[in-house]
Enquirer: 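The structure follows.
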Amino acid sequence: MRFVIVTGVSGAGKTAALKMLEDANYFCVDNLPIPLLEKFASLMPEIHGEDVQNVALGIDARSGRSLDELEAVLDRMKKAGYEFEILFLDAEDSVLVKRYKETRRSHPLAMGGRVDDGIRLEREKMQFLKKRADYIIDTSHLLTRELKQEIERIFVANQDFCNMMVSVLSFGFKYGIPADADLVFDVRFLPNPYYVDELRPMTGMDDGVFNYVMNCDTARKFADKLEDMINFLIPNYVKEGKTNLVIAIGCTGGKHRSVTLARELYSRLSGNERYGFRLEHRDIGKDRLLKKHER
């Protein structure tokens, strides 16, 4: 039987993660009072059976003052021989603020004040849990289905997990450099399909554009060197505790060259199952939308 404590900062996806675990036949309890945690753990051998194979328990900032007692409770449970895992859901502050504004909800620790203050206070209170976590998932750039894939990979398929999620992002410089980019690469030195009439309306997702760019010897050499550098950097970032890496690849409009190189890099990296990878094309359709709007 697996006993998973699901926690994290408010707005990072704890409730969604619990629902995903419930769909995976975990028996889920949300916001159990901290003083009852040890009693709940002691009952697990009794409830284990055909109907209950695995258990997930949600704990968050709503526990109030009892949260201060949690570290001592977890220590006692560990000493008593109870086996449990901690999943911590996290996200960047700017993403959390945006999510709260979109849902028009107030932060549980904001006390009617600013969301930023509630997030800062919650991070202080939850820091000890993050340090003890067996799994940390940063949901800043994850779609719901991507979070579900991670949850299923760890808690259903029982695959090895690394806390690093790598996002390969194509963009257009004329629309601005992504604010959350950790590494930015400019591929405007490569041949531009825009100046080939039959390729202009296409994107790097089309074989014609992809082959036009990648048939260039310079593009292949650049992809080789970029892959080598990224493979060197990722494990070193992991050693420093980084859990989220955004690699941004840009060309003029974010439609041809950057999309092609992002696809190429993703295909080379994504076979490494030690880390999570995702591919996103931020500006691939913006030219078409702008032209439609100008009409």
Enquirer: Just by distance, do the side chain of R99 and the backbone of G11 share a donor-acceptor pair under 3.5 Å?
Expert: yes

Enquirer: Please give the remaining members of the hydrophobic cluster of V184, linking ILVMFWY side chains under 4.5 Å, ordered by chain and number.
Expert: F171, F173, I177

Enquirer: Can you pull out every salt bridge (Lys or Arg N to Asp or Glu O under 4.0 Å) where at least one residue sits in residues 229-249? Sequence neighbours excluded, please.
Expert: D182-K242

Enquirer: Which residues pass the side chain to side chain contact (heavy atoms under 4.5 Å, CB included) test with V29, sequence neighbours left out?
Expert: F27, L32, F40, L57

Enquirer: Within this structure, what is the CG-CG distance for the pair D186 and L261, rounded to the nearest 0.5 Å?
Expert: 10.5 Å

Enquirer: Roughly how far, to the nearest 0.5 Å, is CG of L96 from CD1 of I119?
Expert: 4.5 Å

Enquirer: Mark yes when over 12 heavy atoms from residues, nucleotides or ligands other than E71 sit less than 6.0 Å from its CD; otherwise mark no.
Expert: yes

Enquirer: Would you say S140's side chain and E92's backbone share a donor-acceptor pair under 3.5 angstrom?
Expert: yes

Enquirer: Determine whether K225 and D228 satisfy the following criterion, salt bridge (charged side-chain N to carboxylate O under 4.0 Å, His left out), listing intermediate values before the conclusion.
Expert: CA-CA 5 Å; K225 292 179 183 295; D228 184 57; over 6 Å; no

Enquirer: Looking at L169, is its backbone amide N or carbonyl O close enough to the side chain of S167 to form a donor-acceptor pair, meaning the two atoms are under 3.5 Å apart?
Expert: no

Enquirer: Treat each ILVMFWY residue as a node, draw an edge where side-chain heavy atoms are under 4.5 Å apart, and state whether V238 and V246 are in one component.
Expert: no

Enquirer: Can you list every pair that meets salt bridge (Lys or Arg N to Asp or Glu O under 4.0 Å) and has a residue in residues 12-23, with sequence neighbours left out?
Expert: K14-D30, K14-D60

Enquirer: With side chains defined as the heavy atoms from C-beta onward, is the minimum distance between V213 and P193 less than 4.5 Å?
Expert: yes

Enquirer: Is it true that the side chains of H141 and E280 contain a donor and an acceptor less than 3.5 Å apart?
Expert: no

Enquirer: For N192, check side chain to side chain contact (heavy atoms under 4.5 Å, CB included) against everything at least two apart and list the hits.
Expert: Y194, Y195, H256, R257

Enquirer: Would you compute the distance between atom CG of L199 and atom CG of D206 and round it to the nearest 0.5 angstrom?
Expert: 9.0 Å

Enquirer: Establish whether L143 and I247 are linked, either directly or via other cluster members, by ILVMFWY side-chain heavy-atom contacts under 4.5 Å.
Expert: no

Enquirer: Assess whether a salt bridge exists between D217 and R220, defined as any Lys/Arg side-chain N lying under 4.0 Å from an Asp/Glu carboxylate O.
Expert: yes

Enquirer: Treating Ile, Leu, Val, Met, Phe, Trp and Tyr as nodes and any side-chain heavy-atom pair under 4.5 angstrom as an edge, say whether M1 and L43 lie in one connected cluster.
Expert: no

Enquirer: Measure the spacing between CE of M20 and OG1 of T15 and express it to the nearest 0.5 Å.
Expert: 10.5 Å

Enquirer: Before you tell me yes or no, could you show the steps for N231 and L269 under side-chain contact (heavy atoms from CB on, under 4.5 Å), namely the whole-Å CA-CA distance, both residues' side-chain angles and the distance that decides it to 0.1 Å?
Expert: CA-CA 8 Å; N231 281 329; L269 298 177; 3.5 Å; yes

Enquirer: So F277 and L279, do their side chains get closer than 4.5 Å, heavy atoms only?
Expert: no

Enquirer: Name the residue from D75, L70, I5 that meets the side chain to side chain contact (heavy atoms under 4.5 Å, CB included) definition with R132.
Expert: D75

Enquirer: Side-chain contact test, heavy atoms from C-beta onward, threshold under 4.5 Å: evaluate it for L233 versus L245 and give yes or no.
Expert: no

Enquirer: Are R282 and Y175 in a cation-pi contact, defined as NZ or CZ under 6.0 Å from the six-membered ring centre and within 45° of the axis?
Expert: no

Enquirer: Using only atom types and a distance under 3.5 Å, with no angle test, would you say the side chain of T139 pairs donor to acceptor with the backbone of A91?
Expert: no

Enquirer: Report yes or no: does N272 contribute a side-chain atom to a donor-acceptor pair with the main-chain N or O of R274 at less than 3.5 Å?
Expert: yes

Enquirer: Between R268 and D224, is the closest basic N to carboxylate O distance under 4.0 Å?
Expert: yes

Enquirer: Is there a side-chain contact between V156 and N25, using heavy atoms and a 4.5 Å cut-off?
Expert: no

Enquirer: Check the orientation of Y135 and F155. Use parallel for under 30°, tilted for 30 to 60°, and perpendicular for over 60°.
Expert: perpendicular

Enquirer: Please confirm whether the backbone N or O of Y26 pairs with a side-chain atom of N54, one donor and one acceptor, at under 3.5 Å?
Expert: no

Enquirer: If you define the side chain from C-beta out and look only at heavy atoms, does anything of L190 sit under 4.5 Å from T260?
Expert: no

Enquirer: What's the verdict on side-chain contact (heavy atoms from CB on, under 4.5 Å) for V196 and V209, showing C-alpha distance, side-chain angles and the deciding distance?
Expert: CA-CA 10 Å; V196 180; V209 171; over 6 Å; no

Enquirer: Do L147 and L89 make a side-chain contact, defined as non-hydrogen atoms from C-beta onward lying under 4.5 Å apart?
Expert: yes

Enquirer: Is the shortest side-chain heavy-atom distance between T7 and I86 below 4.5 Å?
Expert: yes

Enquirer: Check whether E122 reaches the backbone of S10 with its side chain - one donor and one acceptor, N or O, closer than 3.5 Å.
Expert: yes

Enquirer: Can you tell if the side chain of Y82 reaches within under 4.5 Å of the side chain of E38, non-hydrogen atoms only?
Expert: no

Enquirer: If only atom types and distance count, is the side chain of D90 paired as donor or acceptor with the main-chain N or O of D138 below 3.5 Å?
Expert: no

Enquirer: Could I get the full list of ring-ring contact (aromatic ring centres under 6.0 Å, His included) partners for F185, not counting sequence neighbours?
Expert: none

Enquirer: Is there a continuous path of hydrophobic side-chain contacts, each under 4.5 Å between heavy atoms, that joins I154 to V6?
Expert: yes

Enquirer: Taking the side chain from R278 and the backbone from E146, do they hold a donor-acceptor pair closer than 3.5 Å?
Expert: no

